[in-house]
Structures are given as structure tokens and as C-alpha cells.
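This report refers to the structure that appears directly beneath it.
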4 protein chains.
Amino acid sequence: MRSDSGSTGQRRRPEAHRSFIEQARRAQLIECAIEVVCELGYGGASLSRIAERAGVSKGVVSYHFVGKAELIEEVVHDVLARGEAYAAREWFDRLPDDAGAWDLLSTYLRSNLTYIAAHPRALQALVQIIGNHRDGEGRRIFGPAWSAKLRAPIESICRGGQEAGEFRGFDVHVMAIAVRRVIDGFVFELLDHPDLDAAAFIEEVVDMFDHATRAERAR
Amino acid sequence: MRSDSGSTGQRRRPEAHRSFIEQARRAQLIECAIEVVCELGYGGASLSRIAERAGVSKGVVSYHFVGKAELIEEVVHDVLARGEAYAAREWFDRLPDDAGAWDLLSTYLRSNLTYIAAHPRALQALVQIIGNHRDGEGRRIFGPAWSAKLRAPIESICRGGQEAGEFRGFDVHVMAIAVRRVIDGFVFELLDHPDLDAAAFIEEVVDMFDHATRAERAR
Amino acid sequence: MRSDSGSTGQRRRPEAHRSFIEQARRAQLIECAIEVVCELGYGGASLSRIAERAGVSKGVVSYHFVGKAELIEEVVHDVLARGEAYAAREWFDRLPDDAGAWDLLSTYLRSNLTYIAAHPRALQALVQIIGNHRDGEGRRIFGPAWSAKLRAPIESICRGGQEAGEFRGFDVHVMAIAVRRVIDGFVFELLDHPDLDAAAFIEEVVDMFDHATRAERAR
Amino acid sequence: MRSDSGSTGQRRRPEAHRSFIEQARRAQLIECAIEVVCELGYGGASLSRIAERAGVSKGVVSYHFVGKAELIEEVVHDVLARGEAYAAREWFDRLPDDAGAWDLLSTYLRSNLTYIAAHPRALQALVQIIGNHRDGEGRRIFGPAWSAKLRAPIESICRGGQEAGEFRGFDVHVMAIAVRRVIDGFVFELLDHPDLDAAAFIEEVVDMFDHATRAERAR
DNA sequence: TATGAATGAGTGTTCATTCAT
DNA sequence: TATGAATGAACACTCATTCAT
């Protein structure tokens, strides 16, 4: 999932030989970056503030990451990887072998939303970075191509559901956009209202997409 | 609709006595700010770049606006005001006197989406600003309260539709979030794919929310 | 008293043909400059703030004065001229024809101190300007030569007193410095403690210099 | 003696763990600030000029001091601390155990004046800063309260002398003002006339205050 | 590995000044 | 006479980055 095409031209260190301590520091700094981005926004997440939060000197960040860009992109990679691992478990646990399209879509929704509910701050950072991180010329790093890749599985599920007659004949691209937008919106909702009933919210969303996708008289 | 709550403590000039030329410059600078924010993102929209785009010296911006915050917030005010004017016209033109909840909601969707299709860059700037503009302590200027105000009319329409039996018994808050998130997502879609068939996209969205909201056997 | 040697190279307008209105504006701006310097200090006295205080546009100041330097130097000229006029009246009123050195010195002290008590803000501005106003290369405009001129009459009086045996054989230069420093210090005292008993203060100062100057067994 | 009342709200670094090199840089920058303030005045002492004088880049100053205010206030602290250390030595060396009020006062005068004669530039900077340094709202940082603290020991000595019958019944507050004003005036005198006979000047001042304070027939 | 020190570009802002109207 | 508009330099400050130790 992670695009290794060094967006900024900066080469990443060879991931192979990293000592234990280096791995730990990187993980710690990524964690701190998440917190700072979440609290102060992408623009407020300077290296000094991240280092300060980690209780280390500013140089440490530059030592472990080739540049700010690598740290930021590593945050994205990290959060995404953890999310995918979580989703894979859900997928395996919850889905029967003969799962229908709606089973797939509702599982996709639930696994995404429960993961967000469990780590709202990490995903807030992710959203901030995706919307703001740019290269030297001002081009978004996580642009259209990246979003398309994120939407692909949803579109695939939807197409399957339509072919099976389970879903009505909507435009799968539009539906995928709606699904992702609603999922990502959950992040803000959770942070803005910490006392939100997440489970109820999730079921409402699932229910909404049930009505939105279901074939007229199906299921 | 415009929140006069001077987020930064900076006082805005008395809007009353503004010369023609001042109005023109302000409008030009707001326009340039929109373009720069749209192209380079919130973080890339420095006063120098905005001034450069306008072909004037940096001091001009400071002359016409009390501070960067005023310029940025004026962009929000401006885009919002134009959007509301547009929506008001649509409302008046399209809606019969005895409009039902679905008439209202679909008009809300269509007027918002067609306005976005007409000025995608302005609304991209708006989205960037809303998500990133913060005060000196790092608090979002356009935070939860602001979003809530934006969602209020949608929730009101939904409640009306439920009371009239036109809509099913979904959670109006969740639905309002979905509506706004999908609408705002349209902004990115348009800019990322300039050749998009906007009309078709809009009808798909309207159709989706028709299915999502409709009472089981209604209409 | 005013040194016309254009300290900054800037030429002053010919003082001759000034319309009534121009005179009034200049006087008003000088007054406002005094207030602003007094309240915000020399460094805080920008043309904008002075103009704002006067309720006119910034350009007005530049119109009536060749540059900021002229305005500032005109403040000095003005306050000094008013002070001298006051002193001259006191001199004429209070002094007998056969006045002794102590009569002269005490009158000098009293006329200076009462003038300060009457216009503390103007003299606070004066002190601020004299200590801070500099030319383009950073040289003080009101430097040693200027202070020397201010001290000349005191030294002259002291020398007279010594020749007459009225004063003891102190160093007139040192005494003149002390006199001027104490007088100028009164300015701060008045502004810092508005409820100060000025008359008592003045008599204490006069008394102090009586003891400081008097010949051992004289008077 | 150092007022820790963070005048600007800016926090000073924990003075404890400062590396040797940091201490050296700070000292150097403080020295350069003194020179620049002395030569160009408070208003001419920009960070760039101070850095330039030190032969370092502008950022170095910001690196070692939280803000300009800290640097400036550190100059005050530094000069004052050195002066107090000097005065304490003088006090210890010169004063007998049974010192009278005049011994105290004359030692106060001499130690202050000789310190000034030894470091006129540092004290010129001090005077400039005290008269001009202000907070964001234009209020003087070293205002009335600060001056009062500086005058306290003089007043105390004077009161002692009066109670002992050594001094005449002058107003101690007025006398303290005179003492401080004359002392500070020495700074300008030295810089304006580098060839001044400092020792003679000092003795003249001491002599003057002897006459000014002495009880009618005492000593 | 980690730090402290330094750099230089870039930020928003203020300012005195100029000039057409 | 007076204004509003614009300029460009200077200001304090922040930042990502580099590097010797």
C-alpha cells in the first residue's frame, strides 16, 4: 500500500539493518509526531516541537530520519500499516467463506470505523498529513492517485454486489467516495465530541450505506 | 452566518466607509489568496506569495488587512457569502411553496454541489482554511461549533422529513455529517479530475441520499 | 537657542509664509507628538500613531513636515521656546535689579521646576527625544554640544557667585551638571507620582542647592 | 536584586545546566549588545546589528536567548550584578566597622562613580535600556517601582544620618533622587568627554553632597 | 547515538516615505 | 490641503538542516 516512490527525492535509509534502539527511537518519534500533528495541526508540527514532546534534542530527529518529509511519510506508513493489520484480522475473524457483497462492505465499514474509534488521534494526524503534506513545488504527496488506490477495494466490492444483484445500479466511484468521506469524517467527530457513542454512530453509518446500496427489493 | 468572533483579537476595519479602490484591492487579494491556497495549500499561502500573485508588494496586503488572519478569514466569509447568495436564489427558483422534506434536501444537495462545480478552486481554498486555520495557541478557528452551525439546516430538514413520515428513522446528526462530508468531498473530486461529468456526479449523490433517507415504502 | 544646522541634511520649509491653517496643523501635530512620545516613548512614537492621535491621515504629517526628523526636532524647539518664554517672564517678574548669584540660581531652579510642574508631559517628551533622537548614522542629534549650551547660563551664574564670594569654590561644570540632572529628574518624578507635592519638592531642591553652593559663612 | 518578574511573559532558560560554550556565547552577545546600544542607542540596537557585531548569524541570538527582551534584560541583570559585586568589595574594603552616615553615603557615591568611570559604556547601555525598554503595551519595564528599589539604600543611609544628627533635616526622597540623577549623569559626561579627569569629578560630586547633607555645624 | 551549536531562508509585521489625486 | 495607496527596507522570530563533537 505504501508508495515507495520517494516523493521528495530524499532517499530513505535501508530498512534492513536497523538496531533495536534505532527502531525504538523511530517508533517513539513517530508516536510523538502523531500527537503533535493531532494537537497543533500539520502546520504546527515543527521538528522542535516533536523533539520537545519526545524529550530529546532536535538533532535526534534529523539523525533518525533523512528529513522532515521522511518522518511525516513514515507516520502515514505506520498508521496505515497498523490499520491494515487490524482490518485483516477483522476480515479473517468476521467473514464467512461465502460472504456476500454487503457482508464485505459492512465489514469494511465496521473495521475501519472501529479502528478509528480505537485510535482517533493517529487517524486525525493521518488526515491532516494527507491533506497538507506537499513536496518542494507544492504538489500534494498523497494526491489523487493515492486516494484512488484507497478507494479501489470499495469499488471492487460494489461492482461485485451489483453483478450479484445484491446492490442497485449506482455509480461505484461515487459510492466509494462517499464511503471514504464518511469514514474519514468519523475522525473529526470523535475528537470534537469525546463522549460520542461510537458504537451507535457506527451502526448508523452501516445502516445508512445499507439503504444507499441495497437493490430495491433484495436481501 | 459570518462569525464576527474576532478569533485573533485583531479588529477588522469598519466595513462601512471603504473606497472603491480599496474594495477592489481587497477583492483582488482575496481572489489571489484563494488561488494560492488552492494551489500551494494553506501552509504554502504566505503573504509574499499572495502579494506576488497579485503583482503588488508585500506591504500592500498588510495595508489592506489588519493581519494575515483577517485576510484568511475574509476569504472564508467571502466564499461563504457568495455560496449562500447562490443557494438562496436556487431555493427561491426551484422550490414550490408546499415543498416536502425531500424537495428541501435534494435542493440543498444540488445547490451546494452545483455551486462547488462552478467554483471548485474557491471551495478547495475554503476546505483548506477550515481544516488548518488556527489561533496563536493552536486551536482551530473553524472548529466543532462552526461545523455544527453548518450542519444545522440539514438536521432541521431531516427532522421535518421524519416527522412527516417522508424519511426513515435515521440519526439526523449522522446523516448531516454524511451529507456535508460528501458535499465537501466533491471539491477534491473536481480538482483532481477536471474532466469529471459534474452533472452526473451530482445526480448520483442526490440519488444516493434519496435511498439513504427515504422511508421504507414512501414516495 | 535652536540649532538650525539641519542635523539630518533635510531642509526645513521657509518659516516665513505659512498660512494660518498650516500653523494650526503643525501646532496640533507637535502637540500630538508630545503626547505619544510621552506615553509610548521615543521608540513607540511612529508617524502613524501620531497621525492617529491627531485624527488625520498619515500623509498629513509628511505634508507639513519634511520628514519625521523635522517633526521631532520641532517638538524640541517648541517646548524649549515655550520654556524660555516662561523663564524670561519669571526672570523679569521675580528678580530685583541688583540680584545676587543665589537670587539668579534659585530663580533659575524655580522657574525651571515650576515650568516642568506645569507641563510635565511636554518635558517628558523632550527628555525622551534628547536622549534618543539620532541621525542616519546613529549619532545623537542633541549631543554634548547641545547640553553644554544648556548648561552655560548655570555655569555663568556660578562663576559670578564665586567671584562675588557668595558661592564656595566648587567646580562650576560639575555643579551645572548636577543642577540640570536634578531638574530633568523632576520630570520623571512628576509623571511617576502624579500626586506629588510639587511645591514642596521644588523648595527642597532649592534648599539643597543652597547648601551645596553657599560659601562657608556667607549670606 | 534581579527582578525575575518575567516582564514579557517569555520564560528564561533554566539557568542551571548551561554548557561552557553557551555561557561564553551569551556573555559575548551581552557584551556586543552593550556596545551596540551604547553606540547606536536603544532604538538602533537591532538583533541583526548585535549579531553582526558578534560576527555570527542573526539566528544565533535567537538560539541563545528566548527573545530580544531576554537579551536586553540580561544586559541589565549583568551590568547590575557586576556593579553590585564591585560595590560590595568597596564596601568591605573601605568602611570601618563604626562607619557614620557620611562614610556610608560617600562610599556609596565613590563606589558607584568609580565603577562608572571603569565601565562607562556598559552603564551608558544600562541607562539607555532603563529609559527605553518597554513591554508590548508600551509600559516601561524598568519603571517607578524599579527606580524606587534603586533609591532605597540611599534613603536608608540618609535617614540614619538624620537620626544621628549627622545630616540636616532634608527630604530623604528628594536627596536620593538627586544622588541617583547625578551619578547617572556621570555616564554621559564620561562618554561625551573621554579626557575628563574622573577622579577630580568624583571628588567634586562627593564634596557637593557633603555640603548638601551636612548638619549646620556638624563634623 | 545523541547533542548542542550554528546557519540562512523565510515568516508576518511595522515603518517612513512617496505620489497621484 | 489632505488623503489613500503603495513601496521597500528593516524588524523579531521560526524553521529545517548541517555538522563537529
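We name chains A, B, ... by the order of the sequence lines, and we start the count at 1 in each one.
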* Mind checking side chain to side chain contact (heavy atoms under 4.5 Å, CB included) for C/E39 and listing every partner two or more places apart, or none if nothing turns up? => C/R53, C/R121
* Structure fact -> Out of F/dA16, F/dC15, E/dG12, minimum distance to the side chain of B/S48 belongs to E/dG12
Between [N] atom [atom2] and [X] atom [atom1], what is the distance in whole Å?
X	N	atom1	atom2	value
C/H133	E/dA16	NE2	C1'	13 Å
A/I72	F/dT17	CD1	P	11 Å
C/D135	E/dA16	CG	P	17 Å
A/L71	F/dC15	CG	C1'	15 Å
B/L47	F/dA10	CG	P	20 Å
D/E52	E/dG8	CD	C1'	16 Å
C/R134	E/dA16	CZ	P	17 Å
C/K68	E/dT14	NZ	P	15 Å

* Between the main-chain N or O of A/Y42 and the side-chain N or O of A/Q128, is there a donor-acceptor pair closer than 3.5 Å? -> yes
Distances under 3.5 Å only, N/O to N/O: pair up the protein atoms with those of nucleotides 1-4 of chain E.
| from | atom 1 | to | atom 2 | distance (Å) |
| --- | --- | --- | --- | --- |
| E/dT1 | OP2 | A/S19 | OG | 2.3 |
| E/dA2 | OP2 | A/H64 | NE2 | 2.5 |
| E/dT3 | OP2 | A/S57 | N | 3.3 |

* **Audit row: A/Y63, A/V56, side-chain contact (heavy atoms from CB on, under 4.5 Å) steps and yes/no** => CA-CA 12 Å; A/Y63 178 77; A/V56 298; over 6 Å; no
* To do: Using side chain to side chain contact (heavy atoms under 4.5 Å, CB included) as the criterion, point out the one residue from A/L47, A/V75, A/V61 that pairs with A/L29.
  => A/V61
* Can you spot which of A/L126, A/N132, A/I129 makes a side chain to side chain contact (heavy atoms under 4.5 Å, CB included) with A/F142? => A/I129
* If each of B/A45 and C/G43 is mapped to the nucleotide of DNA chain E with the nearest heavy atom, which maps nearer the 5' terminus, i.e. the 5' end? -> B/A45
* **C/F65 and C/I30, any side-chain heavy atoms less than 4.5 Å apart** => yes
So does [X] get a side-chain nitrogen or oxygen closer than 4.0 Å to the phosphate oxygens (OP1/OP2) of [N]?
X	N	value
B/S46	E/dT11	yes
A/S62	F/dT18	no
D/R49	F/dC11	yes

* To do: Begin with the C-alpha distance, continue with both residues' side-chain angles, and end with the deciding distance and a verdict on side-chain contact (heavy atoms from CB on, under 4.5 Å) for D/Q28 and D/C32.
  => CA-CA 6 Å; D/Q28 179 203 16; D/C32 292; 4.3 Å; yes
* Structure fact -> With both pairing distances under 3.5 angstrom for Watson-Crick or G-U wobble, and | for a partner in another strand, the correct string for DNA chain E is .||||||||||||||||||||
* Structure fact -> In this structure, CD of A/E73 is separated from CG of A/D78 (nearest 0.5 Å) by 13.5 Å
* To do: Say whether A/Q23 and A/R26, considering side chains only, have a donor N or O and an acceptor N or O under 3.5 Å apart.
  => no
